[in-house]
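Here the structure comes first, spelled out in structure tokens, and everything after it is commentary.
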Amino acid sequence: MPQKPIELILMRQLASSLAMPIFLVDADGALAFYNEPAERVLGVRFEETGEMPAAEWSTLWDPTDLAGRPLAPEQVPLMIAVTKRKPVHVELWIRGLDGARRHIEATALPLMRLTDQVVGAVVIFWEATR
Amino acid sequence: MRVRLWGTRGSVATPGADTARYGGNTSCVEVRGPNGTVLVLDAGTGIRPLGGTLGRGVQRVDVVLTHLHMDHIQGLGFFDPLYDPDVETHLWGPASTTLDLRGRLLRYLSPPLFPVHLRELRRLVLHDLPAGEFDIGEFKVAADRVCHPGFTVGYRIAAGGVTLAYLPDHEPALGVPSFPMREDWTSGYGLARDVDLLLHDAQYSLGEYADHVGWGHTALEHALAFARLARVKHLVTFHHDPAHDDDELDRLTAEATAAVRVPCAVTMGAEGTVFELG
């Protein structure tokens, strides 16, 4: 099993120590990790979902825009960050795997390494109604 | 492949009778390939005595730096081949996001910190570390970033069917609730997996580590667990804490190896030790 880039490893370690919901993907957009605060918003423990490809997770939580239109995988903030290499902030709705619909705000950032290579992306999100 | 340890001490040189067995010089390792290539890992104070032994037949020396903390570059200005017109020295090391290796080294190799300016070293060739694997003589060298403050890499070096990994400054347990994690989530694993010889940071006892989390170094127990995870054949503990004299090192290592059983050989890094691989 190949080792993940150190930037991704350090980001996971940081995310594990923070109280904000954080979700991490690799350079292909595949789900790599989300922390315990994110589990509460997503309605499922990371151990239950594990890692999964972008095409799978990007629709798993049924994301929609504020008007209720479904977001295509490429419109999800993390996928914008990882493919377009730019930060993005959006409001959206998701349905947690516990069944609850949640209005969230999300700020996604690409993780770039020294050689200008994207090694992944991270999104920090929170419930907008709080 | 022949590997000789010229400096195994971490942080600052610690000469004296109490450290004579394991040595007081800071990080430096000489690696000789089957075809005679001379590769030097780090330029701590151990590089000064190494420089005096290279002999007249050597026309090129390659020095690879893991990072630019002082204990890894302090001997560089005292490395005889730099002043020998018959020897070309190639120095490889990590750039930062804003400075290349030359710009970073100039902060030390220039007055007032050092009397000789980098530009005066006519036969010194600097290389920013390339991405991916590269060749130095018969060595296949791979560098990758590891968990340590600043821009720090470890190395994996292969030649003649044997492999060495060098991670002298490394804190793979940082932020990990229960070390080790899975292989792919462990810093340094890609460099160290299945190597014949691993030289690895083992600066602290487990108790000391608790007071130094984030300083970039490893507890002996974590070094052992890392070696087991990476399935290395032989672990050499390295970067000994300057506060640990020889007797203390013996005691701490005995405690750690009793607590963490590993299926590989474990040797405490000592100046002058030679390992023949292959």
Side-chain angles (χ1 to χ4, degrees), chain A residues 1-40 45-54 57 82 85-87 109-122 124, chain B residues 66-67 93-101 103-104 128-134 142-154 156 165 167 169-195 213-214 216 226 229-231:
Chain A
M1 189 180 293
Q3 184 202 309
K4 293 179 174 19
I6 186 68
E7 296 84 356
L8 221 53
I9 292 173
L10 292 173
M11 193 67 233
R12 175 181 179 150
Q13 290 164 348
L14 178 62
S16 300
S17 308
L18 294 176
M20 314 119 78
I22 294 177
F23 190 110
L24 187 60
V25 298
D26 69 14
D28 297 322
L31 164 60
F33 176 71
Y34 54 83
N35 65 2
E36 287 185 25
E39 290 175 346
R40 289 203 300 271
R45 289 174 52 77
F46 176 66
E47 283 69 24
E48 293 177 58
T49 60
E51 300 177 19
M52 65 174 74
W57 74 257
V82 81
R85 301 181 171 203
K86 66 177 190 181
L109 306 165
L111 298 174
M112 314 281 293
R113 68 162 35 179
L114 189 60
T115 50
D116 204 28
Q117 169 195 5
V118 174
V119 297
V122 60
I124 302 168
Chain B
T66 54
H67 62 309
S96 74
T97 51
T98 56
L99 289 173
D100 62 9
L101 178 62
R104 300 183 77 204
D128 289 346
L129 277 177
E133 195 176 75
F134 56 103
D144 196 13
R145 294 271 307 276
V146 295
C147 186
H148 185 74
F151 288 86
T152 303
V153 300
R156 181 182 178 94
L167 294 93
D169 291 50
H170 186 211
E171 187 180 5
L174 179 64
V176 179
S178 178
F179 185 80
M181 290 183 70
R182 214 173 64 186
E183 297 163 352
D184 57 331
W185 281 107
T186 299
S187 168
Y189 170 78
L191 294 169
R193 69 182 156 74
D194 300 317
V195 294
V213 172
F226 178 80
L229 179 79
R231 301 174 301 277

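Just so it is clear, the values below take in all heavy atoms, side chains as well, and ignore hydrogens, waters and symmetry mates. Chain identifiers are assigned alphabetically (A, B, ...) following the order of the sequence lines, protein sequences preceding nucleic acid strands; residue numbering begins at 1 within each chain.
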Where does A:Glu7 contact chain B at under 4.5 Å (heavy atoms): side chain, backbone, both or neither? side chain
Side chain, backbone, both or neither of A:Ile9 within contact of chain B (heavy atoms, under 4.5 Å): both
Where on [X] is there a heavy atom nearer than 4.5 Å to chain A: the side chain, the backbone, both, or neither?
X        : answer
B:Pro172 : backbone
B:Thr186 : backbone
B:Arg182 : side chain

Can you confirm whether more than 12 heavy atoms, excluding those of B:Glu133, are under 6.0 Å from its CD atom? yes
Looking at every non-hydrogen atom in both residues, tell me the closest pair between [X] and [Y] and how far apart they are.
X        : Y        : result
A:Ile6   : B:Ser187 : CD1-OG, 3.3 Å
A:Gln13  : B:Leu174 : CD-O, 2.8 Å
B:Tyr189 : A:Met1   : CE2-O, 3.5 Å
B:Asp144 : A:Arg113 : OD1-NH2, 4.0 Å

Side-chain heavy-atom pair B:Asp184, A:Glu51 within 4.5 angstrom cut-off: yes
